[in-house]
Amino acid sequence: MANGVDLVPSNKNGCLWKISHNFDGRDYVVGDVHGHLGQLKIQLENLNFDPSVDRLFFLGDIVDRGPDSLAMIDLIDHSTYISVLGNHEAMLIAGFEDSTCVQMHCSNGGDWFYKLPTSEQQVIVDKVRSWPWAIEIDVGDARVGLVHADVPDGNWDTVKTFLSQIDKAWSDGASLTEPNLEVAARSLLWRRSLASRLYLEVLGLGTKKRTLSEYKRDFLNRIDCLENVDSSLVDTFNISGIDSVYMGHTYVPIPTAIGDCYFLDSYRGEASEELGIRCINP
């Protein structure tokens, strides 16, 4: 805003939102919060976050596992606090609309939702269904893309194509089991192709199963590889059709950047950890 006039109007309709430049304050992006509102508040206070002019964009998965899922849902106002859809929000929707999906959501920290009255569940589902699947933000000299999990083909236009194909069905209330929606959800909310290539090809960590502490140890032991990455490997993370993309979904012990990609899912509730938060218009 400048002199009270929105110079580049936002488009907050459909599955892809385009958000105008913030002329008065700062824009931040945060990785998967998973109900940890207390940790979020601590870090925002340390950043001197001013909700009257600053904005915070969430990469989805703001619910489940932590103690404050309901409060996190209440926080989203589409003005100061804006979130894309994550796979945990998708599980919440699916569990409400199809009882066969409840167990999967509960096994991933969603049991809090099914303890609520049905009427309150409906309000939450209606709200979450209104969230975009991806966001583009004008940061002045560049466009920043936000999506929960992945960018198929390394091309932002592919994201836009997926979303244009599901836009009407999603707005009409179609189930996530509808074929086009199922494909889009798998590609944008669940897939880990870019994050997997970071782990396997750039950091060379292989495919063996690890505990969380082992992931931290091995990742941090190899993080220096990012300083001298072969250009052919970096090319995988150079995204066509957008200047940079921020993603969550896949755990990284610290916020990690390579090429045009930023991975911010760095918090699992341990005392030594922090949420991955980055300012995108410093």
Side-chain angles (χ1 to χ4, degrees), residues 10-20 22 27-36 40 55-64 69 72-94 124-139 143-152 155-167 170-171 176 181 183-195 239 241-250 255 260-267 275-281:
S10 297
N11 180 0
K12 297 179 181 178
N13 293 306
C15 293
L16 174 65
W17 288 8
K18 296 185 179 182
I19 304 295
S20 61
N22 186 350
D27 284 343
Y28 290 93
V29 179
V30 61
D32 307 29
V33 176
H34 280 304
H36 293 285
L40 178 65
R55 299 185 297 197
L56 180 63
F57 294 88
F58 296 84
L59 292 171
D61 282 11
I62 70 169
V63 300
D64 302 341
S69 290
M72 287 301 308
I73 293 285
D74 289 340
L75 183 67
I76 303 303
D77 60 9
H78 294 336
S79 178
T80 300
Y81 304 100
I82 303 169
S83 184
V84 300
L85 197 71
N87 66 299
H88 277 256
E89 287 80 30
M91 284 192 286
L92 180 153
I93 294 168
I124 291 170
V125 167
D126 289 345
K127 181 173 184 176
V128 172
R129 265 190 168 269
S130 73
W131 297 359
W133 290 51
I135 292 175
E136 292 181 9
I137 307 169
D138 175 4
V139 294
R143 285 182 308 128
V144 172
L146 311 181
V147 67
H148 179 61
D150 204 20
V151 181
N155 192 327
W156 190 250
D157 288 336
T158 302
V159 174
K160 293 163 73 173
T161 296
F162 273 122
L163 298 183
S164 67
Q165 291 171 344
I166 69 170
D167 201 66
W170 186 246
S171 64
L176 283 161
L181 282 163
V183 170
R186 186 166 60 248
S187 300
L188 306 179
L189 308 184
W190 289 92
R191 208 168 84 167
R192 306 177 190 270
S193 64
L194 287 167
I239 307 300
I242 198 84
D243 294 294
S244 59
V245 177
Y246 288 74
M247 290 165 281
H249 189 53
T250 301
D260 300 327
C261 296
Y262 295 78
F263 301 93
L264 298 187
D265 181 14
S266 60
Y267 190 73
L275 292 162
I277 302 181
R278 288 292 179 267
C279 183
I280 57 175
N281 64 338

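Since we're looking at a predicted model, the values are computed, not measured.
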With distance as the sole test, does Ser244 use its side chain to make a donor-acceptor pair with the main-chain N or O of Val144 at under 3.5 Å? no
To the nearest 0.5 Å, what is the distance between CD1 on Ile137 and CD1 on Ile19? 7.0 Å
Looking at Ser187, is its backbone amide N or carbonyl O close enough to the side chain of Trp190 to form a donor-acceptor pair, meaning the two atoms are under 3.5 Å apart? no
Hey, does Leu85 have a side-chain heavy atom less than 4.5 Å from the side chain of Val128? yes
Show the nearest heavy-atom pair for residues Val147 and Trp133, with the distance to one decimal. CG2-O, 3.9 Å
Closest non-hydrogen atoms of Leu176 and Ala185, given as atom of the first, atom of the second and distance, are CD2-CB, 4.4 Å
Using modelled atom types only, decide if a donor and an acceptor are shared between the side chain of Arg143 and the backbone of Lys18 within a distance under 3.5 Å. no
Main-chain N/O of Val245 paired with Asp260 side-chain donor or acceptor, under 3.5 Å: no
What closest approach, in Å, do Gly276 and Ser266 show between heavy atoms, and which atom pair accounts for it? N-OG, 2.9 Å
With a 4.5 Å cut-off on side-chain heavy atoms, are Ser130 and His78 touching? yes
Starting from the C-alpha separation in whole Å, work towards a yes-or-no answer on side-chain contact (heavy atoms from CB on, under 4.5 Å) for Leu59 and Asp265. CA-CA 9 Å; Leu59 292 171; Asp265 181 14; over 6 Å; no
Supply the atom-to-atom distance Ile135 CD1 to Ile82 CD1, rounded to the nearest 0.5 angstrom. 6.0 Å
Reported CD1-to-CZ distance for the pair Ile277 and Phe58, which is rounded to 0.5 angstrom: 8.5 Å
Please report the shortest heavy-atom distance between Met247 and Ala149, naming the atom on each side. SD-O, 3.8 Å
Which of parallel (below 30°), tilted (30 to 60°) and perpendicular (above 60°) describes Tyr262 and Tyr246? parallel
Measuring from Leu163:CG to Leu16:CG, what's the distance to the nearest 0.5 Å? 6.0 Å
Asp167 side-chain N/O to Cys15 backbone N/O, donor-acceptor pair under 3.5 Å: yes
Heavy atoms of Ser83 and Trp131 approach each other most closely as O-CB, 3.6 Å
Could you tell me whether the side chain of Leu40 reaches within less than 4.5 Å of the side chain of Leu56, counting heavy atoms only? yes
Where the side chain of Glu89 meets the backbone of Asp61, is there a donor-acceptor pair that is under 3.5 Å apart? yes
Side-chain contact test, heavy atoms from C-beta onward, threshold under 4.5 Å: evaluate it for Val33 versus Tyr267 and give yes or no. no
Leu194 versus Ile239: any side-chain heavy-atom pair under 4.5 Å? yes
From CG (Asn22) to OH (Tyr28), nearest 0.5 Å: 11.0 Å
Does some side-chain heavy atom of Arg192 sit less than 4.5 Å from a side-chain heavy atom of Asp150? no
Quick one: does His148's side chain get under 4.5 Å of Asp32's, heavy atoms only? yes
Test your reading of the model: is there a side-chain donor-acceptor pair from Trp170 to the backbone of Arg129, 3.5 Å cut-off? yes
Less than 4.5 Å apart, any side-chain heavy atom of Pro152 and any of Leu188? yes
Where the side chain of Asp157 meets the backbone of Gly241, is there a donor-acceptor pair that is under 3.5 Å apart? no
Give the minimum heavy-atom separation between Val29 and Ile280, together with the two atoms involved. CG2-CG2, 3.8 Å
